[in-house]
Undergrad: 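Have a look at this one.
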Amino acid sequence: MKHDAIVLGAGMVGVCCALHLQARGLSVALVDRRAPGMETSYGNAGIIQREAIAPYALDRDLGFLLSGMTNRRTDVRYHLGDAARLLGPLWSYYQNSAPEAYQKIAAEYETLIACSLETHEQLMHDANARHLVARRGYLTLYRSERDLHELFKVADERARQGVNHVKLSGVDVAQAEPSLVGRFAGAVRWTDPLAIRSPGDLVQAYARLFAQRRGTLHLGDAIALRQTDAGHWQVDAADDVLQAPQVVVALGPWTTDLTQRYGYTVPMIPKRGYHVHYAPQPLKPLNSTVIDGDHGFVVAPMKDGLRLTTGAELAMPDAPRTPGQIEAAEKIARRVYPLGQRVEREPWMGTRPCMPDMKPVFGAVPGVPGMWCAFGHGHQGFTLGPITGELLAAMVAGAPPRVDVQPFSPARFAA
Ligand SMILES: Cc1cc2nc3c(=O)[nH]c(=O)nc-3n(C[C@H](O)[C@H](O)[C@H](O)COP(=O)(O)OP(=O)(O)OC[C@H]3O[C@@H](n4cnc5c(N)ncnc54)[C@H](O)[C@@H]3O)c2cc1C
């Protein structure tokens with residue numbers, strides 16, 4: 001079947017690229033080896049993070065770096081066997097986290113985050129998916145006055161850039177979340193973000209919208225991509241041979257497995273994360289999604305129970321699973337949050353595809369006519385899928401994108 005474009009990868013980013021290409025009048029085929037939204041876009045913490053106007057920098061504090069080396073922290077761990085491979089990208093991440101470089105990166109990042117709510121709201125409206133929003137806002141909690149003071153400073157800075165919040169004292173926290181055990185200095189309730197009760201279901205709702213608008217969804221292996229003599233792209237899907245002059249590679253952490261065959265690769269920092277669901281306790285509800293600032297994990301009330309997600313594990317996506325980090329997080333979380341029995345025995349694991357400059361990568365793949373990519377959204381790909389799709393579709397259609405896309409260009413990593 002001939003199309004105008006093939007999108008490879010049906011995570012949040014790929015589905016949104018497909019929808020926006022379609023909105024520009026292109027006939028689009030969307031290909032994934034699984035059903036839409038079953039990988040990273042399924043397993044995340046489900047927050048549409050309008051407040052995240054600055055990406056996660058590497059903490060350059062010596063105390064943090066030394067304690068990180070012990071590999072016992074709950075927020076960051078690493079695989080020693082992958083350390084040598086990741087050293088170069090991590091060094092570049094460290095440099096990009098220095099104040100001057102970081103300030104510029106954050107200003108660029110903010111141009112995308114600023115569009116995240118409106119772009120999701122529009123798709124949720126069109127896809128009839130508003131019921132998947134559990135609530136507006138979430139809490140970041142701290143136990144020490146010093147950490148809380150720093151968080152309040154960040155919140156005030158962000159308020160000057162249009163991010164809304166409410167400051168909570170320890171007493172306010174106890175009132176808002178009476179099921180929590182222990183003393184907290186206080187919290188910030190970020191009031192703009194949307195907490196989604198099932199992230200995978202939201203991607204699937206968007207994919208259904210794509211199908212209703214005459215897009216075609218196919219099962220298939222993207223690695224089988226090839227070029228015809230006429231220079232068109234071809235993929236063997238389970239039900240059809242698909243052909244198009246344009247292809248968008250949106251395979252999340254697997255993107256460069258494909259693009260490297262065409263000479264394009266990037267120094268990705270894979271930040272793996274785990275989650276487990278716990279049965280909620282009916283008499284002890286958790287009212288909001290909570291980021292536990294001291295320990296770097298999230299507890300989110302979701303369709304399948306309370307979902308505990310971990311911070312970052314620096315390890316290659318295909319390296320063996322090491323669930324020590326989630327077990328350590330669970331031990332702490334059990335003392336504080338109303339977690340019932342584990343719903344799954346085995347934790348889910350996925351990989352945040354992070355770039356050393358903390359920015360996503362989308363646009364034309366250098367030196368490969370007709371190939372585009374959209375990946376590398378790190379900690380906020382669930383948030384940034386719709387705006388990425390909108391901007392990428394504008395580029396493919398030759399129209400001016402409404403945000404300056406140059407900072408996100410794939411060419412910044414070209415050899
Ligand atoms: C623990 C954790 C918590 C997170 N919390 C948040 C959050 O609260 N908010 C937020 O905004 N972001 C969050 N993120 C980040 C976010 O989940 C990712 O940035 C985002 O899901 C990436 O989307 P994607 O579409 O690029 O990748 P994916 O969702 O991984 O999609 C890639 C798709 O490519 C497909 N694919 C791969 N290889 C092939 C192949 N060979 N052939 C065919 N198909 C293939 C996969 O099946 C998959 O469907 C979190 C991530 C983790 C791990």
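Indexing begins at 1, ligand by ligand and atom by atom, following the structure's order. In this chain, numbering begins with 1 at the start of the sequence shown.
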Undergrad: Indicate, as side chain, backbone, both or neither, the part of His379 found under 4.0 angstrom from ligand 1 when only non-hydrogen atoms are considered.
TA: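 The answer is the backbone of His379.
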Undergrad: Just checking, any donor-acceptor pair under 3.5 angstrom between side chains of Asp357 and Asn96?
TA: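 There is no such pair between these side chains.
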Undergrad: Between Trp233 and Tyr262, does the ring centroid distance fall short of 6.0 Å?
TA: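 Yes, they do, as the ring centres are separated by less than 6.0 Å.
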Undergrad: So, Asp236 and Arg226, do they make that salt bridge, N to O below 4.0 Å?
TA: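 Salt bridge between Asp236 and Arg226, a charged N being under 4.0 Å from a carboxylate O: yes.
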Undergrad: Under the salt bridge (Lys or Arg N to Asp or Glu O under 4.0 Å) rule, what do Arg73 and Asp75 come out as? Steps first, then yes or no, please.
TA: CA-CA 6 Å; Arg73 294 182 63 102; Asp75 54 351; 2.8 Å; yes
Undergrad: As an exercise, identify every atom of ligand 1 less than 4.0 angstrom from a heavy atom of Gly378.
TA: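 Counting atoms of ligand 1 from 1, those under 4.0 Å from Gly378 are 15 (C), 18 (C), 19 (O).
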Undergrad: Which residue owns the protein heavy atom closest to atom 45 (C) of ligand 1, what's the atom, and how far is it?
TA: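 Looking at atom 45 (C) of ligand 1, the protein heavy atom closest to it is Leu251 CD2, 3.5 Å.
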Undergrad: Indicate yes or no: does Asp292 engage Arg143 in a salt bridge with an N to O separation below 4.0 Å.
TA: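 Salt bridge between Asp292 and Arg143, a charged N being under 4.0 Å from a carboxylate O: yes.
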Undergrad: What are the two closest heavy atoms between Pro369 and Gln227, and how far apart are they?
TA: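 For Pro369 versus Gln227, the nearest heavy atoms are O-NE2, 4.4 Å.
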Undergrad: What protein heavy atom sits nearest atom 27 (O) of ligand 1, and how far away is it?
TA: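 Of the protein heavy atoms, Gly252 CA, 3.5 Å lies nearest.
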Undergrad: Purely on distance, is any nitrogen or oxygen of Asp32 under 3.5 Å from one on ligand 1?
TA: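 Such a contact does occur with ligand 1.
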Undergrad: Yes or no: does Gly220 have any heavy atom under 4.0 Å from an atom of ligand 1?
TA: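 Distance cut 4.0 Å: Gly220 passes for ligand 1.
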Undergrad: If the cut-off is 4.0 Å to any non-hydrogen atom of Gln49, which atoms of ligand 1 fall inside it?
TA: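 So the atoms of ligand 1 that pass are 7 (C), 9 (N).
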Undergrad: Could you work out, for atom 23 (O) of ligand 1, the closest of Ser41, Gly11, Gly381 by heavy-atom distance?
TA: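 Going through Ser41, Gly11, Gly381 one by one, Ser41 has the nearest heavy atom to atom 23 (O) of ligand 1.
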Undergrad: So is His275 close enough to ligand 1, meaning a heavy atom under 4.0 angstrom away?
TA: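 So His275 does not count as touching ligand 1.
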Undergrad: Which protein non-hydrogen atom lies closest to atom 25 (O) of ligand 1, naming both residue and atom, and how far is it?
TA: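 That would be Val13 N, 3.1 Å.
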Undergrad: Between Glu327 and Arg321, does a salt bridge (Lys or Arg N to Asp or Glu O under 4.0 Å) hold up when you go through it step by step?
TA: CA-CA 12 Å; Glu327 277 153 19; Arg321 289 162 182 248; over 6 Å; no
Undergrad: Just need the protein heavy atom nearest to atom 4 (C) of ligand 1, so name the residue and atom and give the distance.
TA: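 Checking every protein heavy atom, the shortest distance to atom 4 (C) of ligand 1 gives Asn44 CB, 3.1 Å.
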Undergrad: With a 4.0 Å cut-off on heavy atoms, does Pro253 reach ligand 1?
TA: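 Pro253 counts as a contact of ligand 1 under the 4.0 Å cut-off.
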Undergrad: In terms of the angle between their ring planes, are Phe362 and Phe408 parallel, tilted or perpendicular, with boundaries placed at 30° and 60°?
TA: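 Ring orientation of Phe362 relative to Phe408: parallel.
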Undergrad: Quick check on contacts: which atoms of ligand 1 are under 4.0 angstrom from a heavy atom of Thr383?
TA: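 Result: 9 (N), 10 (C), 11 (O).
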Undergrad: Which one holds for Met12 and ligand 1: side chain close, backbone close, both close, or neither close, with close meaning a heavy atom under 4.0 Å?
TA: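 Backbone only.
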Undergrad: Among protein heavy atoms, which sits nearest to atom 5 (N) of ligand 1, and what does the distance come to when rounded to 0.1 Å?
TA: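 Nearest protein contact, heavy atoms only, for atom 5 (N) of ligand 1 is Ala45 N, 3.0 Å.
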Undergrad: For ligand 1, is any non-hydrogen atom under 4.0 Å from Trp254's backbone (N, CA, C, O), its side chain (CB onward), both, or neither?
TA: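 Side chain only.
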Undergrad: Report yes or no: do Glu313 and Tyr274 form a side-chain donor-acceptor pair below 3.5 Å?
TA: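 Glu313 vs Tyr274: donor-acceptor pair found between side chains.
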Undergrad: Kindly confirm or rule out an N or O of Pro353 lying under 3.5 angstrom from an N or O of ligand 1.
TA: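 N/O-N/O distance below 3.5 Å does not exist for this pair.
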Undergrad: Measure the distance from atom 8 (O) of ligand 1 to every protein heavy atom, then report the residue, atom name and distance (to 0.1 Å) of the closest one.
TA: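 Heavy-atom neighbour on the protein nearest atom 8 (O) of ligand 1: Ile47 N, 3.1 Å.
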Undergrad: Flag Tyr274 as yes when one of its N or O atoms lies below 3.5 Å from any N or O atom of ligand 1, and as no otherwise.
TA: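 No - when backbone and side-chain N and O of Tyr274 are compared with those of ligand 1, no distance drops under 3.5 Å.
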Undergrad: Just by distance, no angles: are the side chains of His232 and Lys2 close enough, under 3.5 Å, to form a donor-acceptor pair?
TA: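 No, because no side-chain N or O of His232 sits under 3.5 Å from a partner of the opposite role on Lys2.
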Undergrad: Please list the nearest protein heavy atom to atom 30 (O) of ligand 1 with its residue and the distance rounded to 0.1 Å.
TA: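 For this ligand atom, the closest protein heavy atom is Thr40 OG1, 2.5 Å.
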Undergrad: Could you tell me whether Asp221 and ligand 1 have an N or O pair separated by under 3.5 Å?
TA: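 Checking ligand 1 against Asp221, an N or O pair does fall under 3.5 Å apart.
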Undergrad: Could you state the interatomic distance from CZ (Arg307) to CZ (Arg197), rounded to the nearest 0.5 Å?
TA: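 It is 13.0 Å, given to the nearest 0.5 Å.
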Undergrad: Less than 4.0 angstrom from a charged side-chain N to a carboxylate O is my criterion; do Asp192 and Arg158 meet it?
TA: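 Salt bridge flag = no for Arg158 with Asp192.
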Undergrad: Just to check, does Met38 reach to within less than 4.0 Å of ligand 1 when the distance is taken from its heavy atoms?
TA: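 Met38: no contact with ligand 1 (<4.0 Å).
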Undergrad: Under 4.0 Å from a heavy atom of Ala222: which atoms of ligand 1 are those, numbered in the order shown and with their elements?
TA: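 Listed by number with element, the hits are 40 (C), 41 (N), 42 (N), 43 (C).
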Undergrad: How far is atom 53 (C) of ligand 1 from its nearest protein heavy atom, and which residue and atom is that?
TA: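 Answer, as residue, atom name and distance: Arg352 CG, 3.6 Å.
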Undergrad: For this output row, return yes or no: ring centroids of Tyr42 and His275 closer than 6.0 angstrom.
TA: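 When the ring centroids of Tyr42 and His275 are compared, they turn out to be within the sub-6.0 Å range.
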Undergrad: Do Glu51 and Tyr138 have side-chain N/O donor and acceptor atoms under 3.5 Å apart?
TA: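 Their side chains do contain a donor-acceptor pair, which is all the 3.5 Å distance test asks for.
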